[in-house]
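Single-structure report; data block below.
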Amino acid sequence: MALFGIADCNNFYVSCERSFQPRLEGRPVVVLSNNDGCAIARSSEAKALGVSMGAPWFKIRHLTETEGLVAVSSNYALYGDLSMRVMSILADQVPATEVYSIDECFLDLDNLAVPDLTEWLRGLRSRVRQWTGIPISIGVGPTKTLAKIANHLAKTSPKAGGVLDLSRRADWREIALKRTPVSDVWGIGWQWTGLCVMNGIRTAWDLHQADDGWVRAKMGTVGMRTVMELRGVAVHGLEAEAADRQSCCVSRSFGEATAEYGHVRDALVEYAAAAAGKLRRDGLLAGIVQVFAMTDRFRRDLPQYSGSASVTLSSPSASSREIIAAALKGLDRLWKEKFAYRKAGVILLDLVRPENVPRDLFSPPPEKPDSLMSALDRIESRFGRGGVRFGLARPDAPWRMRQAMRSPCWTTRWEDVPTARLE
DNA sequence: TCTGGGGTCCTAGGACCC
DNA sequence: TCTGGGGTCCTAGGACCC
């Protein structure tokens, strides 16, 4: 029988901020999305105040006065760096890992010869805590979906000590499934939750007993896989080899909506350059550049428009120049005057490795490494992002996002590295 | 006044081919 | 004009994840 673990960082973004700002310990804290728009991470104290995931900042702002709520703008450089540190500790200790997201990692526990798995995992947990300051919880089960449920319970039940193994006892599994609302099952979102509840399926246990024909008809093969996993049949394996991504998107909401072509163009130039840079870092080329721009969907009182256009490159490329040119061609195709644009983005599709670019008689010779691009990337890695830029967009352009409360990049910018003082 | 960003996979329908 | 089956590729949309 396969044995999966999942290690999940508790309130990850908040924990990252706390590991450098101990004053945040014990207080209700939220991390805000780009533009300081809504809460995307909450400490347990903030959750206890009733702050929900995605709560708009303007609706919870009053809690700063009444409850001592602290808000920080998101700082992805910090979170990405701490994530890497946590992941490498985990990878060091178990036979194989699959980094599933910035704060989650599946563990292959199949051939781990330890006398007491739960105790051993508690040790791993405190090591991560000690070396990074990040608290994690670990769930274990015969499938990924059951491991996720175990993790959830490990996090919420004080007795578990941060670790719960559901692989050994069927009776524990039954209790766990009965205690888990169907909405908490991995793979069941709000739409399917509604569907399930309407049909009397309220817990993970109910779903695991649901009729196959019904599940297939209503939730397709994807839903059926989830049900199989709840029954202990491992449908999803551990994917230790990270597959190449299939798309790459850079998009932002603007700090302020704008109807000016020049603003949207400047933003798209930056997004296209950023997307191309990501691609080069991953060693990939894009075949298609898609751009989109849209109005503010929350402003029902204003005319709405959402346009997109895709431009096929003559041959796959990761050159900022070519990708920017294609994005601007796309912008001209989708552009409509007199709309207040609130968000725009660039999506790169049909990604391939250079060695896999399909060729035929008429294709141009393979792209030579673009020396301008590699020079640019070197400058950027040495002097920081934004050192060299395409276009001349003003740093204070109105479309730029608001980030009033961002913490310093403690671990990734020399200027921001904290200094220790001996007193 | 103020509501994020970046992904994956599956399905249905249409165009087109043999 | 009518008649059939089967395949591929593409796109748009919808579900999910973090």
Side-chain angles (χ1 to χ4, degrees), chain A residues 6 8-9 11-13 30-41 51-62 71 73-76 79-80 83 98-106 144-145 148 151-152 182-196 215-226 229 235-236 239 242-257 267 271 274-275 278-279 282 287-288 290 292 294-302 306 308-310 312 340 342-351 401-404 406:
Chain A
I6 178 137
D8 183 324
C9 302
N11 314 324
F12 182 55
Y13 296 170
V30 292
V31 173
L32 299 178
S33 64
N34 283 333
N35 275 323
D36 295 337
C38 58
I40 53 170
V51 175
S52 55
M53 187 65 171
W57 172 228
F58 70 90
K59 285 188 184 169
I60 55 174
R61 184 171 209 153
H62 64 277
S73 304
S74 38
N75 181 347
Y76 290 103
Y79 312 150
S83 169
E98 173 190 341
V99 176
Y100 177 65
S101 74
I102 193 164
D103 68 337
E104 281 174 89
C105 185
F106 284 107
K144 285 180 164 179
T145 305
K148 289 278 264 184
N151 181 277
H152 216 108
V182 71
S183 58
D184 286 357
V185 174
W186 188 44
I188 306 297
W190 66 278
Q191 295 272 23
W192 287 355
T193 296
L195 181 77
C196 283
V215 173
R216 256 180 218 290
K218 299 290 183 180
M219 296 157 65
T221 56
V222 179
M224 196 57 221
R225 276 179 212 155
T226 295
E229 287 240 322
V235 178
H236 304 290
E239 311 201 357
D244 282 338
R245 60 157 106 228
Q246 298 173 24
S247 67
C248 168
C249 170
V250 174
S251 75
R252 295 280 179 279
S253 295
F254 300 152
E256 274 171 46
Y271 304 163
K278 275 198 208 178
L279 225 53
D282 291 352
I288 296 174
Q290 191 176 323
F292 65 88
M294 56 178 81
T295 51
D296 188 342
R297 68 200 157 102
F298 294 103
R299 290 295 298 272
R300 291 279 165 71
D301 53 322
L302 295 179
S306 168
S308 80
S310 61
T312 303
R342 183 67 209 286
K343 179 174 180 172
V346 174
I347 304 172
L348 305 180
L349 298 163
D350 267 21
L351 307 188
M401 62 184 180
R402 298 182 291 264
Q403 280 203 311
R406 206 188 68 187

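Only heavy atoms go into these numbers, but all of them, side chains included; no hydrogens, no water, no symmetry mates. Just so we're clear, the structure is a prediction, and the values are computed from it rather than from any experiment. Numbers restart at 1 for each chain; the letters A, B, ... are given by sequence-line order, proteins then strands.
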Determine the contact category for [X]: base if any of its heavy atoms lies under 4.0 Å from a base atom, sugar-phosphate if only primed atoms, P, OP1 or OP2 are that close, otherwise nothing.
X: A:Ile347; result: nothing
X: A:Val185; result: sugar-phosphate
X: A:Arg297; result: sugar-phosphate
X: A:Asp103; result: sugar-phosphate
X: A:Lys343; result: sugar-phosphate
X: A:Thr221; result: sugar-phosphate
X: A:Gly220; result: nothing
X: A:Lys218; result: nothing
X: A:Lys148; result: sugar-phosphate

Take the protein atom [atom1] of [X] and the nucleotide atom [atom2] of [N], then report the distance between them rounded to whole Å.
X: A:Leu349; N: B:dT8; atom1: CG; atom2: C1'; result: 13 Å
X: A:Phe12; N: B:dG4; atom1: CZ; atom2: C1'; result: 17 Å
X: A:Ile288; N: C:dC9; atom1: CD1; atom2: P; result: 14 Å
X: A:Ile40; N: B:dC2; atom1: CD1; atom2: P; result: 20 Å

| Strand DNA chain B as a dot-bracket string - pairs counted if Watson-Crick or G-U with both distances under 3.5 Å, | where the partner lies in another strand | ....||||||||||||||
| request: May I ask you to decide if the ring planes of A:Phe106 and A:Trp186 are parallel, tilted or perpendicular, using 30° and 60° as cut-offs? | output: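 Judged by the thresholds at 30° and 60°, the geometry between A:Phe106 and A:Trp186 is tilted.
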| message | Is the base of B:dC2 stacked against the aromatic ring of A:Trp57, taking ring centres under 5.5 Å apart and planes under 30° as the test? | response |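 One would not call A:Trp57 stacked on the B:dC2 base.
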| request: Go through B:dG7, C:dC18, C:dC16 for me and flag the one nearest to the A:Cys248 side chain. | output: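 Minimum distance to the A:Cys248 side chain belongs to B:dG7.
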| Should A:Lys148 and A:Glu229 count as an ion pair when the cut-off is N to O under 4.0 Å? |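 Salt bridge absent between A:Lys148 and A:Glu229.
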| query | So which one's nearest nucleotide on DNA chain B is more toward 5', A:Tyr13 or A:Asp244? | reply |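 It is A:Tyr13 whose nearest nucleotide is closer to the 5' end.
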| Phosphate contact (B:dG5 OP1 or OP2) by A:Ser253 side-chain N/O below 4.0 Å |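 Looking at the OP1 and OP2 atoms of B:dG5, one of them is under 4.0 Å from a side-chain N or O of A:Ser253.
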